[in-house]
Student: 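Sending over a structure as structure tokens; questions will come in a sec.
As a basis for the values below, the full set of heavy atoms in this structure was taken, side chains included, without hydrogen atoms, waters or symmetry mates. Starting from 1, each residue takes its place in the sequence as its number.
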Amino acid sequence: MTTSTASTTSPTSTPPTAPPGGIPAEADWDRAPSLLEGAETLELTPARCNLRYWLNAVPQGTLRGRDLGHDDDVRPLDAVTRPGPLNSALTQELAYRSVAEDKATRAIGYMTALAPDTDTMEFYATQLIDEARHAMVFRSHLLDLGVPQEELFATVERLSATDRERILVPLENLGLRVLRDERDFVGGVLVLTVLVEGVLAPAAELSERKWRVFDPAAADIERGAVIDEIRHLTVGSAVVRDHLRRNPHDKERLLELIREGYALWDKLPTTEQLMRREELFQQGVDEHRDLLGDYEIWPGRRLADTTAVERLETGHAWAARMQRTRLAHMGLEEAT
């Protein structure tokens with residue numbers, strides 16, 4: 001099965017150059033790579049991605065006035081806004097994602113407090129803002145899908161409650177134990193980079209592609225989030241890599257933390273959750289196949305011809321490949 005055309009080269013040590021306007025390529029809406037390409041090839045560090053970088057790159061580059069993640073004239077199709085499987089699939093996804101980003105925002109507050117130097121503190125302060133913005137735009141798009149303003153937070157609670165308790169709370173408990181209780185900054189970076197964003201981020205790439213026709217606004221929201229996640233993943237990888245270069249004796253402890261995290265993931269019902277949403281999406285594909293035409297979700301594969309299982313397996317393959325590359329970059333390839 002073809003899964004992606006993203007590059008499989010190792011991360012390069014050459015930082016991306018900025019175009020004449022001054023926006024770094026990896027943060028520019030039109031020039032940023034896909035998540036898979038960016039997370040596998042870019043080299044970014046806290047010193048490069050400090051607060052000054054963010055103030056220039058994100059408001060002026062990634063967002064450019066898209067306060068809610070998309071331009072005002074980009075709207076979902078009626079097939080998504082009216083009751084039906086597409087609406088159910090997307091509202092469930094957005095509610096869950098908004099809660100996940102909210103929990104990440106709160107946990108990153110500990111990372112900002114524990115950061116060992118100013119550049120790193122500034123970077124995680126900007127990531128905190130990024131995650132809070134993601135939570136806000138995911139939540140706000142529910143209004144465009146027919147959720148009444150006065151019922152927004154109650155709807156998020158209703159749609160996300162089961163998956164929040166079964167998936168997000170166990171992950172949150174691991175992160176809080178490492179960051180809040182043990183005050184382990186590098187361990188917290190590892191949990192966030194490998195065990196949370198490293199697993200969940202490829203789902204955002206898949207979501208951007210599969211909603212592009214049915215809901216271009218949702219796809220643009222995912223596009224903006226993906227651009228941010230590239231930065232988060234690559235900087236987090238650099239933090240762990242540089243720590244291990246200075247402290248090679250700490251490698252086994254970090255490997256054990258990854259093993260603990262993977263064991264936790266094996267117990268979480270994430271495949272069940274994702275399959276539930278993919279099956280709803282598939283019902284929507286079957287009902288509205290005519291709207292998709294020849295649109296390709298990845299090169300050579302029409303979205304109309306894919307199945308729920310194929311999309312789910314592809315997302316898993318992307319996550320596994322990205323993790324292998326990033327763990328090798330950190331010097332923790334044994335974890336794979």
Student: Check this for me: does any side-chain nitrogen of one of R253 and D184 sit under 4.0 Å from a carboxylate oxygen of the other?
Tutor: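 So R253 pairs with D184 through a salt bridge.
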Student: So does D72 have more than 12 non-hydrogen atoms from other groups sitting under 6.0 Å from CG?
Tutor: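 No, not enclosed.
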Student: For the residue pair M275 and A308, what are the closest heavy atoms and their distance?
Tutor: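 Looks like SD-CB, 4.0 Å.
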Student: Nearest 0.5 Å, please: how far is CD in E279 from OG in S88?
Tutor: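 One gets 13.0 Å once the value is rounded to the nearest 0.5 Å.
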Student: Any side-chain heavy-atom pair from R302 and L292 closer than 4.5 angstrom?
Tutor: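 No, their side chains stay 4.5 Å or more apart.
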Student: Cut-off 3.5 Å, side chains only: do H329 and R241 have a donor facing an acceptor?
Tutor: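 There is such a pair (donor and acceptor under 3.5 Å, judged by atom type) between the side chains of H329 and R241.
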Student: Show me the side-chain donor-acceptor pairs of residues 264-271 shorter than 3.5 Å, one per line, residues at least two apart or across chains.
Tutor:
unit_1: W265; atom_1: NE1; unit_2: L195; atom_2: O; d: 2.6

Student: Does R311 form a side chain to side chain contact (heavy atoms under 4.5 Å, CB included) with L274? I'd like the steps, not just the answer.
Tutor: CA-CA 10 Å; R311 293 189 300 272; L274 293 171; over 6 Å; no
Student: Kindly say whether L35 contributes a backbone atom to a donor-acceptor pair with the side chain of E205 at under 3.5 angstrom?
Tutor: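 Pair found, side chain donor or acceptor close to backbone of L35.
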Student: Give a yes or no answer on whether the side chain of T234 reaches the backbone of R231 with a donor-acceptor pair at less than 3.5 Å.
Tutor: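 Such a contact is found between T234 side chain and R231 backbone.
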Student: Check the hydrophobic clustering (I, L, V, M, F, W, Y; side-chain heavy atoms under 4.5 Å; chains of links allowed) and say if V74 and W211 are grouped together.
Tutor: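 Hydrophobic grouping puts V74 apart from W211.
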Student: Do N87 and R82 have side chains that get closer than 4.5 Å, going by heavy atoms?
Tutor: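 They are not in contact (no side-chain heavy atoms under 4.5 Å apart), so the answer is no.
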Student: With the side chain counted from C-beta on, respond yes when I108 and M111 share a heavy-atom pair under 4.5 Å apart, and no when they do not.
Tutor: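 Sidechains of M111 and I108: in contact.
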Student: Got H288 and L77 here, is their nearest side-chain heavy-atom distance under 4.5 Å?
Tutor: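 The answer is no, as the side chains (C-beta and beyond) never meet within the 4.5 Å cut-off.
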Student: Check whether any side-chain heavy atom of P46 sits under 4.5 Å from a side-chain heavy atom of V239, and report yes or no.
Tutor: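 Sidechains of V239 and P46: in contact.
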Student: Check the pair K210 / E278 against salt bridge (charged side-chain N to carboxylate O under 4.0 Å, His left out), numbers first and verdict last.
Tutor: CA-CA 10 Å; K210 77 181 193 182; E278 286 299 337; 2.6 Å; yes
Student: Would you call K103 and E131 a salt bridge, using N to O less than 4.0 angstrom?
Tutor: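 No, no charged N to carboxylate O under 4.0 Å.
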Student: For the residue pair E313 / H316, report whether a side-chain donor-acceptor contact shorter than 3.5 Å exists.
Tutor: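 No, no side-chain donor-acceptor contact under 3.5 Å.
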Student: I would like to know whether L63 and V58 meet side chain to side chain contact (heavy atoms under 4.5 Å, CB included); could you show each step before the answer?
Tutor: CA-CA 6 Å; L63 298 181; V58 178; 4.1 Å; yes
Student: Any side-chain heavy-atom pair from D215 and D144 closer than 4.5 angstrom?
Tutor: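 SC-SC contact between D215 and D144 ruled out.
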Student: To the closest 0.5 Å, what do you measure between CZ (F123) and CD (Q127)?
Tutor: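 Here the interatomic distance stands at 4.5 Å.
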Student: If the threshold is 4.0 Å, N to carboxylate O, is there a salt bridge linking D130 and R133?
Tutor: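 No, this pair does not count.
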Student: Taking side chain as C-beta onward, heavy atoms only, is L244 less than 4.5 Å from L332?
Tutor: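 Yes; the side chains approach each other to less than 4.5 Å.
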Student: Just how far is it from atom CG of D294 to atom CG of L303, taken to the nearest 0.5 Å?
Tutor: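 If I round to the nearest 0.5 Å, the distance is 11.5 Å.
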Student: What pair of heavy atoms forms the shortest contact from V235 to C49, and how long is it?
Tutor: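 Scanning both residues completely, I find the closest heavy atoms to be CG2-SG, 3.9 Å.
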Student: Decide whether V191 and V169 are clustered together by the hydrophobic rule: side chain heavy atoms of Ile, Leu, Val, Met, Phe, Trp, Tyr closer than 4.5 Å, transitively.
Tutor: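 Shared cluster, no.
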Student: Can you tell me if T105 uses its side chain to pair, donor with acceptor, with the backbone of A132 under 3.5 Å?
Tutor: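 Side chain of T105 to backbone of A132, a donor-acceptor pair under 3.5 Å: yes, one is there.
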Student: Treating Y295 as the side-chain partner and R209 as the backbone partner, does any N or O pair qualify as donor plus acceptor under 3.5 Å?
Tutor: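 Checking the backbone N and O of R209 against the side chain of Y295, a donor-acceptor pair under 3.5 Å is found.
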Student: Following the transitive rule for hydrophobic clusters with a side-chain heavy-atom cut-off under 4.5 Å over Ile, Leu, Val, Met, Phe, Trp and Tyr, establish whether L159 and V137 coincide in one cluster.
Tutor: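 In one cluster: no.
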Student: Roughly how far, to the nearest 0.5 Å, is the NE2 atom of H141 from the CD atom of E93?
Tutor: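 Answer for the CD-NE2 pair, E93 versus H141, is 10.0 Å.
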Student: Could you report the tightest heavy-atom contact between A79 and L291, atom names first, then the distance?
Tutor: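 Taking A79 first and L291 second, the nearest heavy atoms are CB-CD1, 4.1 Å.
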Student: Is L280 linked to L142 within one hydrophobic cluster, defined over Ile, Leu, Val, Met, Phe, Trp and Tyr using a side-chain heavy-atom separation of less than 4.5 Å?
Tutor: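 Cluster IDs for L280 and L142 differ.
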Student: Could you report the tightest heavy-atom contact between A335 and Y262, atom names first, then the distance?
Tutor: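 Closest approach of A335 to Y262: O-CE1, 3.7 Å.
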Student: Let me check something: do L257 and V194 share a hydrophobic cluster, defined by ILVMFWY side-chain heavy atoms less than 4.5 Å apart, either directly or through other members?
Tutor: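 Yes: a chain of side-chain contacts under 4.5 Å links L257 to V194.
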Student: So D220 and W29, side chain to side chain donor-acceptor pair (under 3.5 Å) or not? Walk me through it.
Tutor: CA-CA 10 Å; D220 280 356; W29 183 272; 5.0 Å; no
Student: For R106 and D102, what are the C-alpha separation, side-chain angles and deciding distance, and is it a salt bridge (charged side-chain N to carboxylate O under 4.0 Å, His left out)?
Tutor: CA-CA 7 Å; R106 297 172 188 276; D102 184 282; 2.7 Å; yes
Student: Write down the atom of F185, the atom of A115, and the distance for their closest heavy-atom approach.
Tutor: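 Heavy atoms only, the tightest pair is CE1-CA, 3.8 Å.
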Student: Rounded to the nearest 0.5 Å, how far apart are OG1 of T81 and CG of D78?
Tutor: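 Spacing of OG1 (T81) from CG (D78) equals 4.5 Å.
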Student: Quick one: pull up CG in L206 and CG in L312 and give me the separation to the nearest 0.5 Å.
Tutor: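 So the gap between those two atoms works out to 8.5 Å.
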Student: Does N56 use its side chain to pair, donor to acceptor, with the backbone of G22 at less than 3.5 Å?
Tutor: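 Yes; at least one donor-acceptor contact below 3.5 Å.
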Student: Which pair of non-hydrogen atoms, one from P33 and one from L42, has the smallest distance, and what is that distance?
Tutor: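 Reported closest heavy-atom pair: CG-CD1, 4.3 Å.
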Student: State whether the side chain of T62 and the backbone N or O of A27 hold a donor-acceptor pair below 3.5 Å, judged by distance alone.
Tutor: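 Such a contact is found between T62 side chain and A27 backbone.
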Student: Salt-bridged, R259 to E252, with N to O below 4.0 Å?
Tutor: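 Judged by the 4.0 Å cut-off on N to carboxylate O distance, R259 and E252 do form a salt bridge.
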Student: Looking at R64, R223, R66, which one forms a salt bridge (charged side-chain N to carboxylate O under 4.0 Å, His left out) with D71?
Tutor: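 That would be R66.
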Student: Output yes when a side-chain donor or acceptor of S237 lies under 3.5 Å from a complementary backbone atom of L233, and no otherwise.
Tutor: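 Confirmed, S237 side chain pairs with L233 backbone.
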Student: State whether the side chain of D28 and the backbone N or O of R31 hold a donor-acceptor pair below 3.5 Å, judged by distance alone.
Tutor: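 Yes.
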Student: Spell out, as yes or no, whether a donor-acceptor pair under 3.5 Å connects the side chain of E222 to the backbone of E208.
Tutor: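 Flag not set: sc E222 to bb E208 has no pair under 3.5 Å.
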Student: Side chains of S34 and V226, heavy atoms from C-beta outward: is any pair under 4.5 Å?
Tutor: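 Side-chain contact under 4.5 Å: no.
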Student: Between R301 and D305, is there a donor-acceptor pair closer than 3.5 Å when you use the side chain of the first and the backbone of the second?
Tutor: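 Yes.
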